[in-house]
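Right, one structure below, let's go through it.
Computation of the quantities below employed the complete heavy-atom set of this structure, encompassing side-chain atoms and omitting hydrogens, waters and symmetry-equivalent molecules.
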Amino acid sequence: MSNKEALRELQVRLASRLQAARERPREAGWLAVECAGAGLLLPLGQAGEIQSLRDVTPVPHAAPWLVGVANVRGQLNAVMDLAAFLGLRERGAGARSGQLVVFNPGLRVNAALLIDRLLGLRDSEQLQRVTDVSGPRPAFAVRQWRDGQGRVWDELDLAALVQDPLFLEVATS
């Protein structure tokens, strides 16, 4: 099986699991992703379609974390390198591969997050909340969780992310 076929199968499985998770009531559910080695949780209700990174048109003089724009099902979306936005890596380092997580249309922003890897779905039953979080955190980094293997996950509120002043600076320019 080729890598393309394996990626397509993974995307189909994740899409069906995302749909099933949206239809099933639960306390919390996240799409688990990795960016520059950091584990991040994106709320299922705020994450939209997942696509492989394809043609992205660069935007001159853009913010360091803005990779460019991509056509997703006929809609132009700004593509944000999530790791660069979070300060986990410099622009362009690793931004040539990965997947796009398009924002849910309910957030009313035509944007997609460039992430390094999809790691599946997580829910609150699989994780324990970390209460001893140290240091300043942006408003969109709402909580930290720890899984059974000891890995720490940062939960990001995408609705708060699109209201972040740094994000708004680019979104409204």
Any donor-acceptor N/O pair, [X] side chain to [Y] backbone, under 3.5 Å:
X    : Y    : result
R151 : G148 : no
N77  : Q75  : yes
D116 : A36  : yes
N104 : G45  : yes
Q163 : A160 : no

Evaluate the side-chain contact (heavy atoms from CB on, under 4.5 Å) criterion for residues V33 and L42: first the C-alpha distance (whole Å), next the side-chain angles of each, then the deciding distance (0.1 Å), finally the verdict.
CA-CA 8 Å; V33 302; L42 309 177; 4.1 Å; yes
Under a 4.0 Å N-O cut-off, is there an ion pair linking E155 with R129?
no
Basic-acidic side-chain contact under 4.0 Å: R143, D157
no
Spatial distance of atom [atom1] ([X]) from atom [atom2] ([Y]) [nearest 0.5 Å]:
X    : Y    : atom1 : atom2 : value
L86  : D154 : CG    : CG    : 8.5 Å
L76  : N110 : CG    : CG    : 8.0 Å
L114 : L53  : CG    : CG    : 5.5 Å
R122 : W145 : CZ    : CH2   : 13.5 Å

If you define the side chain from C-beta out and look only at heavy atoms, does anything of [X] sit under 4.5 Å from [Y]?
X    : Y    : result
I50  : L100 : no
F167 : V109 : yes
V69  : V59  : yes
L113 : L161 : yes
L107 : Q46  : yes

Checking L40 against W30 for the side-chain contact (heavy atoms from CB on, under 4.5 Å) test, could you report, in this order, the C-alpha distance in whole Å, the side-chain angles of both residues, the deciding distance, and whether it holds?
CA-CA 9 Å; L40 304 170; W30 300 280; over 6 Å; no
Assess whether side-chain contact (heavy atoms from CB on, under 4.5 Å) is satisfied between L31 and V101, documenting all intermediate values.
CA-CA 10 Å; L31 179 64; V101 178; 4.1 Å; yes
Tell me, yes or no, whether the heavy-atom count around Q126 atom CD, taken from other residues, nucleotides or ligands under 6.0 Å, exceeds 12.
yes
Heavy atoms of D55 and A70 approach each other most closely as O-CB, 3.8 Å
Do E49 and Q51 have side-chain atoms, one donor and one acceptor, less than 3.5 Å apart?
yes
Regarding D147 and W153, do their side chains bring together a donor and an acceptor under 3.5 Å, going by distance alone?
yes
Quick check: is I115 connected to V102 through a chain of hydrophobic side chains (ILVMFWY, heavy atoms under 4.5 Å apart)?
no
Check the hydrophobic clustering (I, L, V, M, F, W, Y; side-chain heavy atoms under 4.5 Å; chains of links allowed) and say if L156 and V162 are grouped together.
yes
Would you call the rings of F85 and W65 parallel, tilted or perpendicular, where under 30° means parallel and over 60° means perpendicular?
perpendicular
When you look at D132 and Q144, which way does the side-chain contact (heavy atoms from CB on, under 4.5 Å) test go after all the steps?
CA-CA 9 Å; D132 58 342; Q144 280 190 332; over 6 Å; no
